[in-house]
Amino acid sequence: MTYRSNTIKTGIERMPHRALLYATGMPESEINKPFIGVASSFTDIIAGHVTMRDIERYVEKGIHAGGGYPFIFGIPGICDGIAMGHSGMHYSLPSRELIADMVESITNAHQFDGLVLITNCDKITPGMLMAAARLDIPAIIVTAGPMLAGHHKGRRLNLTSDTFEAVGKYKKGLINEDELSALEKCACPGAGSCQGMYTANTMACVTEALGMSLPGCASVPAVMAQKKRIAFESGKQIIELINNNITSRKVMTKNAFENAIIIDLTLGGSTNTVLHIPAIAHDAGVKLPLSVFDKLSKHTPHICNMIPGGTHYMQDLDNAGGIPAVLHRLKEMLRPNLTVSGNDILEIASNAQVIDEDVIRSLDKAYHKQGGIAILKGNIAPDGAVIKQTAVSKNMMKCEGFAKVFDSEEEGMKAIISGQIKPGDIVVIRYEGPKGGPGMREMLSPTSAIVGMGLSESVALITDGRFSGGTRGPCIGHISPEAMEGGPIAILKDGDKIKIDIPKRKIETDLSDEEIKRRLSKWKRPEPKIKHGYLSRYARLVSSASSGAIML
């Protein structure tokens, strides 16, 4: 068989290349086998990535067992939870582009025949998927798995409700310092991506539904032996994909993307997928406008009530049958599509079994008739805005109030924590979009503070920034065009009336068209917040959130 790696190892002129390969300790007996790049995002600082040394070993074993030769290379990662609420979050979304570029660069420079991509947390998974789509060689994703629930005084704990929201509760006097300290120690008991349907786990589920990881990979907890077995099988399977010339774009088709969106919607996943799935599709050469999410959402029932909006944890989903069981529930809605397992997604769906009827409900007993994400439009967001509608209470599906406007997350957070925000206010945080942030920071700290201070039934928040998968309540992000591009959010003032109608997909201000035009004519673009380094370059090149915040 002719391998891509022959470019660097075959012929007399490649003698120097072979010499360097042998210098790594590679046995001569292995030189004619397919070369597999194993991109590992292991790091000591991300809880979801600390188990990856073990995963690397089992992937290596699988590659050897399958007849290939592995080469591990490192890819960095950022922990969004640690980067949250300060200048570090500027780098989170932009790191997605760096990750994609690095995987592409290393793979093409060394002419790997296939890739096993070990990932887990928020921007690393989409970055690796973007690279796989761009390279269009055989590739498999191994997500490292979710964290188990924490425990304290007989109840289960999770990162968002029991740390970020606890800050607001403490400020309000609802819990004391001893309780706060106990939650801090118990909420995250060990390795894995945060326990609910936050961005990391949402993207793991999307990856499996997309067909790019083996069945069951998304939901198996990080600490379970089953995760090692999946890593081993992934290593073996990459050789099968090479032998059968099953490249990434043969898996990541339009059907696959729509299937992935349907699973995202039925799980009530993170709104960040509205950035990531279109970006991956772009690299796969598939057109995927924002409207697809809303179109599918209106016909996709929400059948898994996962935290933060619901009550179930990722370990519950795994015990209920994982993503294959969710596919089984929705098999009549799915499109046929090849997966890296070698089976069609419909085969996986048909062969799966739902073990817990409450965690994965039947369609006629859905928690909501529509999917998790809604796309809103109006004179504040002509190009669209995003909300996780299944994490909003019935009382706030329609609301109106008066704007309290802030030009940064820090200003908004200070006002919330100091008690300046009152029932009936609509908090507006702007100049936090892809260009304006720059980097479109997540707003988990202010949204959690609103919930923790008991204001989620009376206060909404809108922003051209974005939200963590842990956000719940009437929080609308990705407002496009963003303020830095001169979008209408840039000219809102304190006291402007804002109306939100999620069922009708509307977000509007009472300002007349003439008044909006008048204010826009006087608007002047502010100086960039960051003028040097990678973020400065990113701000100049990044596209709107409505098109996935890709770098052009």
Side-chain angles (χ1 to χ4, degrees), residues 80 92-93 96 99-100 119-130 132-133 141 143 146 193-194 196-213 218-219 252 254 256-284 286 288-298 300 302 304 306-309 314 317 323 326 330 370-376 384-391 434 440 442-444 465-472 475-478 480 544-550:
D80 279 23
S92 175
L93 182 60
R96 185 189 73 180
I99 289 162
T119 176
N120 212 24
C121 288
D122 295 25
K123 309 308 167 299
I124 302 103
T125 301
M128 288 190 173
L129 281 165
M130 288 165 68
I141 305 289
T143 48
S193 48
C194 303
M197 200 53 67
Y198 311 134
T199 304
N201 289 323
T202 301
M203 283 307 304
C205 294
V206 162
T207 301
E208 188 176 328
L210 195 59
M212 286 299 292
S213 58
S219 61
M252 287 193 273
K254 184 177 181 181
F257 283 105
E258 294 199 1
N259 289 339
I261 292 170
I262 287 169
I263 296 306
D264 176 22
L265 294 168
T266 206
L267 293 170
S270 166
T271 54
N272 280 317
T273 58
V274 182
L275 291 172
H276 299 324
I277 295 176
I280 300 161
H282 173 79
D283 275 321
V286 174
L288 199 70
L290 195 62
S291 58
V292 172
F293 285 84
D294 207 47
K295 176 185 173 184
L296 292 174
S297 186
K298 289 177 180 177
T300 302
H302 174 222
C304 296
M306 308 292 293
I307 57 171
M314 284 299 294
L317 180 63
I323 294 304
V326 179
L330 298 168
Q370 294 187 2
I373 289 171
I375 307 299
L376 311 186
V386 180
I387 188 167
K388 186 191 287 190
Q389 61 175 340
T390 49
M440 203 179 183
E442 288 186 345
M443 304 282 173
L444 183 56
R466 61 193 177 91
F467 297 120
S468 160
T471 292
R472 59 191 175 111
C475 302
I476 300 166
H478 305 209
S480 301
S544 170
S546 62
S547 60
I550 57 174

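Remember, it's a predicted structure, so these values are computed and weren't measured experimentally. Worth knowing before you read on, the calculation uses all heavy atoms, side chains too, and leaves out hydrogens, waters and symmetry mates.
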Q.
I'd like to check N259 versus L210 (side-chain heavy atoms, cut-off strictly below 4.5 Å). Are they in contact?
A. no
Q.
For a side chain to side chain contact (heavy atoms under 4.5 Å, CB included) check, start with the C-alpha distance between M203 and K123, then their side-chain angles and the critical distance, and finish with the verdict.
A. CA-CA 9 Å; M203 283 307 304; K123 309 308 167 299; over 6 Å; no
Q. Looking at I141 and M128, what are the two nearest heavy atoms and their distance?
A. CD1-CB, 4.4 Å
Q) Of all heavy-atom pairs between S544 and S480, which one has the smallest distance, and what is that distance? A) OG-OG, 3.6 Å
Q) Looking just at side-chain N and O atoms, do T119 and T125 make a donor-acceptor pair shorter than 3.5 Å? A) yes
Q: Using the side chain to side chain contact (heavy atoms under 4.5 Å, CB included) rule, take V206 and L267 through it: C-alpha gap first, then chi angles, then the decisive distance, then the call.
A: CA-CA 10 Å; V206 162; L267 293 170; over 6 Å; no
Q.
side chain to side chain contact (heavy atoms under 4.5 Å, CB included) for D80 and T199? Distances and angles first, verdict last.
A. CA-CA 10 Å; D80 279 23; T199 304; 6.0 Å; no
Q) Taking Q389 for the side chain and G371 for the main chain, is one N or O donor matched with an acceptor at less than 3.5 Å? A) yes
Q. Between I263 and C205, what is the shortest heavy-atom contact and its length?
A. CG2-O, 4.5 Å
Q: Using a strict 4.0 Å threshold on nitrogen-to-oxygen distance, state whether E258 and K295 make a salt bridge.
A: no
(Q) To the nearest 0.5 Å, what is the distance between CD1 on I277 and CG on N272? (A) 10.5 Å
Q. So, does S297 use its side chain to make a donor-acceptor pair with the main chain of I373 at under 3.5 Å?
A. yes
Q: Taking all heavy atoms of H302 and all of L265, pick out the closest pair and write down the distance.
A: CD2-O, 4.3 Å
Q: Please confirm whether the backbone N or O of I375 pairs with a side-chain atom of D294, one donor and one acceptor, at under 3.5 Å?
A: yes
Q: With the side chain counted from C-beta on, respond yes when T202 and H276 share a heavy-atom pair under 4.5 Å apart, and no when they do not.
A: no
Q | Polar side-chain atom of D283 near backbone of A132 as donor-acceptor pair, under 3.5 Å | A | no
Q) Would you say E208's side chain and A218's backbone share a donor-acceptor pair under 3.5 angstrom? A) yes
(Q) Looking at every heavy atom in both M440 and G465, which two are closest together, and how far apart are they? (A) CE-O, 3.6 Å
